[in-house]
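I have placed the structure first, in the form of structure tokens, so that the comments after it can refer back to it.
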2 protein chains.
Amino acid sequence: MNIDEMLKQKQLKVTPQRKAILTVLERSESVLSAQELFREVLELLPGTNFSTIYRNLDTLLSRGLLCRIPRENGGDLYEIRREEGHHHHVICKGCGASIPVDFCPMETLNCQLEEYGFTPTEHHFEVYGLCSKCKKQHRIP
Amino acid sequence: MNIDEMLKQKQLKVTPQRKAILTVLERSESVLSAQELFREVLELLPGTNFSTIYRNLDTLLSRGLLCRIPRENGGDLYEIRREEGHHHHVICKGCGASIPVDFCPMETLNCQLEEYGFTPTEHHFEVYGLCSKCKKQHRIP
DNA sequence: CTGGGTGCAAAGGCTTTGCAGTGGT
DNA sequence: ACCACTGCAAAGCCTTTGCACCCAG
């Protein structure tokens, strides 16, 4: 599905700004912060405003077109929701690479919580550390 | 172990501010944001400054006396690291209650990452949703 | 044409930092 | 006495908001 169709399907207007935001996220191999996204959108569509980015991140998130990943030290990271389905991220503190992982802890936890009467709506699971490449650079065994 | 000993053991000076911060966190049944903590510390030790809180949250965190939990919409929550050991939180979006859970996804994931050459240093796992009490209030089945 | 969407500018909130002074050890 | 620690005030950063204009449907 292309970007225009994604937006229309969610009953959102197709504006150049939204197309730029989704294009950047689509092309990006890793997850992006709002500010990183903003800088990249500017290259694609100069003149785009801060607030447009923020407003649209909220909108696109609420329509389920994006995922949000809380960052280790404040702020959030965003990624486009691809068809591959639900996954989580292992993030290298050295190079910032975010490695997607299929494993989801909720598979184990869901039934336990159900017994308890708790209905989960969202969850976050991220792992931080060093990838093999960065371990070598930092000379960590 | 009492608070003074905790600080000394970490080679930190025992100041009234630090004692107040740890006391508040010790007494608190749920996790607190920096600002919530600040307000409560003020009652215990009026005149304490913002920056003292923030600086000490960093310090205490780096010495392993605290845990940090990324909040759903920006900011972090803090809790004192108790002896009970590692756990995670299920947080009710209705009443804010944070229910500790022993389950940790890293038990499953650790060996997979090791094969991959990735060394995890930190991880976050939180679940958000509605507890049974709040479901009734919100009239959600 | 009509409301959702955008740009602009300003405010807001939380957090960090520099500096001088204080207090723990 | 020394240096970690604190208070204060200011700056910093990211994010949100109000308002007028604009353009996609």
Side-chain angles (χ1 to χ4, degrees), chain A residues 2-25 31-63 65-66 68-78 96, chain B residues 2-24 31-63 65-66 68-78:
Chain A
N2 68 30
I3 288 175
D4 289 35
E5 285 168 353
M6 289 171 63
L7 289 167
K8 280 180 191 158
Q9 186 184 320
K10 300 292 178 179
Q11 324 215 17
L12 294 172
K13 289 192 177 175
V14 180
T15 68
Q17 292 81 352
R18 282 178 180 160
K19 289 172 77 164
I21 291 170
L22 289 174
T23 303
V24 167
L25 287 168
V31 293
L32 296 175
S33 69
Q35 295 290 333
E36 286 163 352
L37 176 65
F38 173 59
R39 281 170 225 129
E40 296 211 29
V41 166
L42 271 189
E43 291 182 23
L44 216 58
L45 190 70
T48 305
N49 197 274
F50 282 116
S51 33
T52 303
I53 302 288
Y54 285 111
R55 276 191 284 234
N56 275 314
L57 283 176
D58 279 352
T59 310
L60 297 174
L61 206 58
S62 70
R63 307 298 171 103
L65 292 175
L66 306 182
R68 182 175 52 200
I69 302 150
R71 223 195 333 214
E72 224 198 346
N73 283 307
D76 293 306
L77 301 171
Y78 298 85
Chain B
N2 67 30
I3 288 175
D4 288 34
E5 286 168 351
M6 288 170 63
L7 288 168
K8 280 181 191 157
Q9 187 185 320
K10 299 292 180 182
Q11 324 214 17
L12 294 171
K13 292 193 175 174
V14 180
T15 67
Q17 293 81 353
R18 281 178 183 159
K19 289 171 78 165
I21 291 171
L22 289 174
T23 303
V24 168
V31 293
L32 296 175
S33 69
Q35 295 290 333
E36 285 162 353
L37 176 64
F38 174 59
R39 279 170 225 129
E40 297 210 27
V41 166
L42 271 191
E43 290 182 22
L44 215 57
L45 189 70
T48 305
N49 197 273
F50 282 118
S51 32
T52 303
I53 302 288
Y54 285 112
R55 276 191 284 233
N56 276 315
L57 283 175
D58 278 351
T59 309
L60 298 173
L61 206 58
S62 70
R63 306 299 171 103
L65 292 174
L66 306 182
R68 183 175 52 200
I69 301 149
R71 214 180 359 198
E72 226 198 343
N73 282 308
D76 293 306
L77 301 172
Y78 298 86

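All heavy atoms count here, side chains included; hydrogens, waters and symmetry mates do not. A note on names: the letters A, B, ... follow the listed sequences, proteins ahead of strands, and every chain is numbered from 1.
- For A:Asn56 and C:dG4, the CG to C1' distance is 11 Å, given to the nearest whole Å.
- Atom CZ in B:Phe38 sits about 15 Å away from atom C1' in C:dT16, given to the nearest Å.
- For residues 35-50 of chain A, there are no salt bridge (charged side-chain N to carboxylate O under 4.0 Å, His left out) pairs, not counting sequence neighbours.
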Test side-chain contact (heavy atoms from CB on, under 4.5 Å) on A:Glu5 and A:Asn2; report intermediate values, then the result. CA-CA 6 Å; A:Glu5 285 168 353; A:Asn2 68 30; 3.4 Å; yes
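- Closest approach of A:Arg63 to A:Gln11, counting heavy atoms only: NH1-O, 4.3 Å.
- Taken to the nearest 0.5 Å, the CG atom of B:Asp76 stands 9.0 Å off from the CD1 atom of B:Ile69.
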Would you list the protein and nucleotides 12-15 of chain C atom pairs, both N or O, that sit under 3.5 Å from each other?
residue : atom : partner : partner atom : Å
C:dT15  : OP2  : B:Tyr54 : OH           : 2.0
C:dT15  : O5'  : B:Tyr54 : OH           : 3.4

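- Summarising the geometry of B:Ala20 relative to B:Val41, their closest heavy-atom pair is CB-CG1, 4.0 Å, with the distance given to 0.1 Å.
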Any chance you could lay out the side-chain contact (heavy atoms from CB on, under 4.5 Å) test for A:Ile21 and A:Thr48, step after step, and finish with the verdict? CA-CA 10 Å; A:Ile21 291 170; A:Thr48 305; 6.0 Å; no
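- Minimum interatomic distance between B:Phe38 and B:Ile53 (heavy atoms only, all atoms of both residues): CD1-CG1, 3.5 Å.
- Evaluation of the salt bridge (Lys or Arg N to Asp or Glu O under 4.0 Å) rule for A:Asp4 yields A:Lys19 as partners, not counting sequence neighbours.
- Remark: A:Lys13, A:Val14 in residues 12-23 of chain A come within less than 4.0 Å of DNA chain D through at least one heavy atom.
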Show your reasoning for whether side-chain contact (heavy atoms from CB on, under 4.5 Å) applies to A:Leu7 and A:Leu60. CA-CA 9 Å; A:Leu7 289 167; A:Leu60 297 174; 3.9 Å; yes
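- In terms of heavy atoms, A:Leu66 sits closest to A:Tyr78 at CD1-CD2, 4.5 Å.
- Protein chain A contacts DNA chain D over a range whose 5' and 3' limits, counting nucleotides with an atom under 4.0 angstrom from a non-hydrogen atom, are D:dC14 to D:dG25.
- With values rounded to the nearest 0.5 angstrom, A:Leu22 atom CG is found 5.5 Å from A:Met6 atom CE.
- Separation of atoms CG (A:Leu12) and CG (A:Leu65) is listed at 7.0 Å; rounding is to 0.5 Å.
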Can you check side-chain contact (heavy atoms from CB on, under 4.5 Å) on A:Leu37 and A:Leu57, steps first, answer last? CA-CA 10 Å; A:Leu37 176 65; A:Leu57 283 176; 3.7 Å; yes
Would you tabulate the pairs of protein nitrogen or oxygen atoms and nucleotide nitrogen or oxygen atoms of nucleotides 18-20 of chain C closer than 3.5 angstrom?
residue : atom : partner : partner atom : Å
C:dG18  : O6   : B:Arg55 : NH1          : 3.4

